[in-house]
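Keep in mind that this is a model prediction, so the values were computed, not measured.
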Amino acid sequence: LLFYRLNISDVEIRATAIRKSLWHPAKSGVIEIGDSTLGRFGEIHPEVLKKFGIADQINAFELDINLLQQFSREPVFKPIPKYPPQIEDLTISFPLGTKIGEVLRDMKKSNAFISDINLASTYKDFYTFRIYYQNPEKTLTDAEVTKIRAKLTDFVCKKFGGLVKV
């Protein structure tokens with residue numbers, strides 16, 4: 001939500017071992033844009049907590065305010081579309097370890113008529129995506145959406161090993 005409000009895109013959040021003494025090496029991660037690290041997050045290392053006499057598990061995060069300001073952009077306002085989107089939910093199962101952020105990013109970029117995609121829900125290894133199909137020039141027909149969906153599911157299944165739930 002923070003990155004959305006600051007209009008910062010292309011943020012990658014990934015789990016990784018952080019070799020700083022503050023962070024637990026197996027339960028931490030980084031927030032990056034390209035080669036820049038915006039922040040770190042995770043569980044505080046038990047040895048650090050022990051030094052302060054804290055018995056509980058504590059999670060925390062840190063963000064580089066200067067980098068947040070650098071990557072923040074003024075919002076761009078678009079006119080309200082003349083033609084409505086067709087909206088559908090699509091559930092796909094992925095192998096363990098698949099980075100769903102990458103899946104979302106690549107799905108959005110796969111077709112110009114996919115105006116938005118959100119992760120609607122998850123259950124075990126099933127991910128339900130809410131997909132908005134929209135053409136700024138006309139209302140898409142069911143046949144056109146079917147073709148776009150077929151290309152999208154084929155792309156996702158081949159690239160990420162997904163299986164579409166029917």
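To the nearest 0.5 Å, atom CZ of residue R40 and atom CG of residue L63 are 10.5 Å apart. Atom-to-atom distance recorded for L119:CG and Y127:OH is 8.0 Å, nearest 0.5 angstrom. A distance of 6.5 Å separates CZ of R14 from NZ of K99, quoted to the nearest 0.5 Å. Between the OG1 atom in T16 and the CH2 atom in W23 there is a gap of 13.0 Å [rounded to 0.5 Å]. Atom CG of L2 sits about 6.5 Å away from atom CD1 of I8, to the nearest 0.5 Å. To the nearest 0.5 Å, the span separating CZ on F3 from CG on L38 amounts to 5.5 Å.
Cluster membership for Y132 and F129, using ILVMFWY side-chain heavy atoms within less than 4.5 angstrom, is not shared. Put simply, L104 and Y123 are part of two different groups of oily side chains (I, L, V, M, F, W, Y) that touch within less than 4.5 Å, one to the next.
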Verdict with supporting geometry, I31 and V11, side chain to side chain contact (heavy atoms under 4.5 Å, CB included): CA-CA 7 Å; I31 305 166; V11 174; 3.5 Å; yes
Worked check of side chain to side chain contact (heavy atoms under 4.5 Å, CB included) between F41 and N59: CA-CA 7 Å; F41 64 92; N59 293 287; over 6 Å; no
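Annotation for L96: hydrophobic cluster partners, listed by chain and number, are none (ILVMFWY side-chain heavy atoms under 4.5 Å, direct or chained).
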Without placing hydrogens or testing angles, list every side-chain donor-acceptor pair under 3.5 Å for residues 154-166, not counting sequence neighbours.
| unit_1 | atom_1 | unit_2 | atom_2 | d |
| --- | --- | --- | --- | --- |
| D154 | OD2 | K158 | NZ | 3.3 |
| K159 | NZ | D106 | OD2 | 2.6 |

Donor-acceptor contacts, no H, no angles, side chain residues 66-74, under 3.5 Å, sequence neighbours left out:
| unit_1 | atom_1 | unit_2 | atom_2 | d |
| --- | --- | --- | --- | --- |
| S72 | OG | L6 | O | 2.9 |
| R73 | NH1 | S9 | OG | 3.3 |

Show me the donor-acceptor pairs, under 3.5 Å and distance only, between side chains in residues 77-95 and residues at least two apart or in other chains.
| unit_1 | atom_1 | unit_2 | atom_2 | d |
| --- | --- | --- | --- | --- |
| Q86 | NE2 | L140 | O | 2.7 |
| Q86 | NE2 | D142 | OD1 | 3.4 |
| E88 | OE1 | R149 | NE | 3.1 |
| E88 | OE1 | R149 | NH2 | 3.0 |
| E88 | OE2 | Y133 | OH | 2.5 |
| E88 | OE2 | R149 | NE | 2.7 |
| D89 | OD1 | R130 | NE | 2.7 |
| D89 | OD1 | R130 | NH2 | 3.4 |
| D89 | OD2 | R130 | NH2 | 2.8 |
| T91 | OG1 | T128 | OG1 | 2.8 |
| S93 | OG | D125 | OD2 | 3.1 |

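Residues passing the side-chain contact (heavy atoms from CB on, under 4.5 Å) test with N111, sequence neighbours excluded: F113, I114, I148.
The environment of K108 atom NZ is dense: over 12 non-hydrogen atoms of other residues, nucleotides or ligands sit within 6.0 angstrom.
Among residues at least two apart or in separate chains, salt bridge (Lys or Arg N to Asp or Glu O under 4.0 Å) pairs with a member in residues 41-53 are K27-E43.
Pairing each heavy atom of N7 with each of P75, the nearest pair is ND2-CA, 3.5 Å.
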